[in-house]
Amino acid sequence: MKCPFCGCDDTQVKDSRDTDDNTAIRRRRECSECGSRFTTFERVQLRDLVVVKKNGEKVMFDRDKLARSIYLAVRKRPVSSERVEKVVNSIQRRLEASGEAEVTSTQIGEYVMEALSTLDHIAYIRFASVYRDFKEVSDFEDFVETIDRMAKPKGDEN
């Protein structure tokens with residue numbers, strides 16, 4: 001593994017352990033050249049996924065991009081990184097289990113929306129405001145009203 005600090009190819013694994021949800025192995029590494037330490041994660045990848053964007057462009061699925069978008073939505077919210085990683089793992093497993101080599105960016109967005117709707121309502125709204133590309137304030141207001149209706153217990157009309 002190449003050192004991200006100096007580029008040296010000689011790094012040593014100092015510690016390995018499973019992640020909390022047992023979906024990856026966390027490896028603590030040290031560079032023999034500069035002495036820097038860094039962490040890597042090893043995950044099972046069932047197949048290469050290609051994402052078909054809305055404009056028709058095809059790109060390789062990027063787990064880190066998915067994680068960054070979710071972390072951005074939950075920024076400054078009371079959501080642990082472990083919960084975010086579980087969501088990312090779950091979405092990736094759903095995509096791989098579909099049996100399709102190509103998935104649409106729309107499908108990924110819907111999976112994220114579904115996960116955030118149960119994880120944190122504010123993060124859900126943040127993600128939706130970008131994903132749904134609200135053009136007017138009224139679009140945003142309609143969306144928030146829909147969330148309010150979903151959050152109210154049935155039979156509570158007030």
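The basis for the numbers below is simple: all heavy atoms, side chains too, and nothing from hydrogens, waters or symmetry mates.
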> To the nearest 0.5 Å, what is the distance between OG (S105) and NZ (K65)?
Replying inline: 8.5 Å

> Rounded to the nearest 0.5 Å, how far does CG of D15 lie from CD of E30?
Replying inline: 12.0 Å

>> I'd like to know whether NZ of K58 has more than 12 heavy-atom contacts from other residues, nucleotides or ligands below 6.0 angstrom.
In response: no

> Quick one: CD on E85 to CD on Q92, what's the gap to the nearest 0.5 Å?
Replying inline: 10.0 Å

> Are side-chain heavy atoms of C8 and C34 found at a separation under 4.5 Å?
Replying inline: no

> E33 versus T11: any side-chain heavy-atom pair under 4.5 Å?
Replying inline: no

> Which distance, rounded to the nearest 0.5 Å, do you find between the CD of E102 and the CG of L95?
Replying inline: 13.0 Å

>> Which heavy atom of S117 sits nearest to which heavy atom of E114, and what is that distance?
In response: OG-O, 2.7 Å

> Can you check whether T39 reaches R29 side chain to side chain, under 4.5 Å on heavy atoms?
Replying inline: no

> So do F127 and L72 actually touch side chain to side chain, heavy atoms under 4.5 Å?
Replying inline: no

> What pairs with R26 under salt bridge (Lys or Arg N to Asp or Glu O under 4.0 Å), at least two apart in sequence or on another chain?
Replying inline: none

>> What I'd like to find out is whether the side chain of R28 reaches to under 4.5 Å of the side chain of R37, using heavy atoms alone.
In response: yes

>> Assigning hydrophobic clusters by single linkage (Ile, Leu, Val, Met, Phe, Trp, Tyr; side-chain heavy-atom cutoff under 4.5 Å), is L66 placed with V59?
In response: yes

>> Minimum heavy-atom separation for P78 and D120, please, with both atom names.
In response: CD-OD2, 4.2 Å

>> With heavy-atom distances below 4.5 Å as the criterion, would you say the side chains of L116 and I125 are in contact?
In response: no

> Atom CG in L119, atom CD1 in I70: separation rounded to 0.5 Å?
Replying inline: 8.5 Å

> Which pair of non-hydrogen atoms, one from V88 and one from A67, has the smallest distance, and what is that distance?
Replying inline: CG2-CA, 3.8 Å

>> Does the structure place the NZ or CZ of K54 under 6.0 Å from the centre of the six-membered ring of Y131, at an angle of no more than 45° from the ring's axis?
In response: yes

> Which atoms form the tightest heavy-atom contact between S16 and R27, and what is the distance?
Replying inline: OG-NH1, 2.8 Å

> Would a distance-only check, ignoring hydrogens and angles, find a side-chain to backbone donor-acceptor pair under 3.5 Å from S36 to C31?
Replying inline: no

>> Looking at Y111, I'd like to know if the NZ or CZ of R94 sits under 6.0 Å from its six-membered ring centre while staying within 45 degrees of the ring's axis.
In response: yes

>> Counting C-beta onward and ignoring hydrogens, is there a side-chain heavy-atom pair between V50 and M60 closer than 4.5 Å?
In response: yes

> Are I122 and Y124 connected in the hydrophobic side-chain network, where two residues link if heavy atoms are under 4.5 Å apart?
Replying inline: no

> Hey, does R75 have a side-chain heavy atom less than 4.5 Å from the side chain of R126?
Replying inline: yes

> Quick one: does T104's side chain have a donor or acceptor within less than 3.5 Å of a partner on V52's backbone?
Replying inline: no

>> To the closest 0.5 Å, what do you measure between CD (E42) and CE (M1)?
In response: 8.5 Å

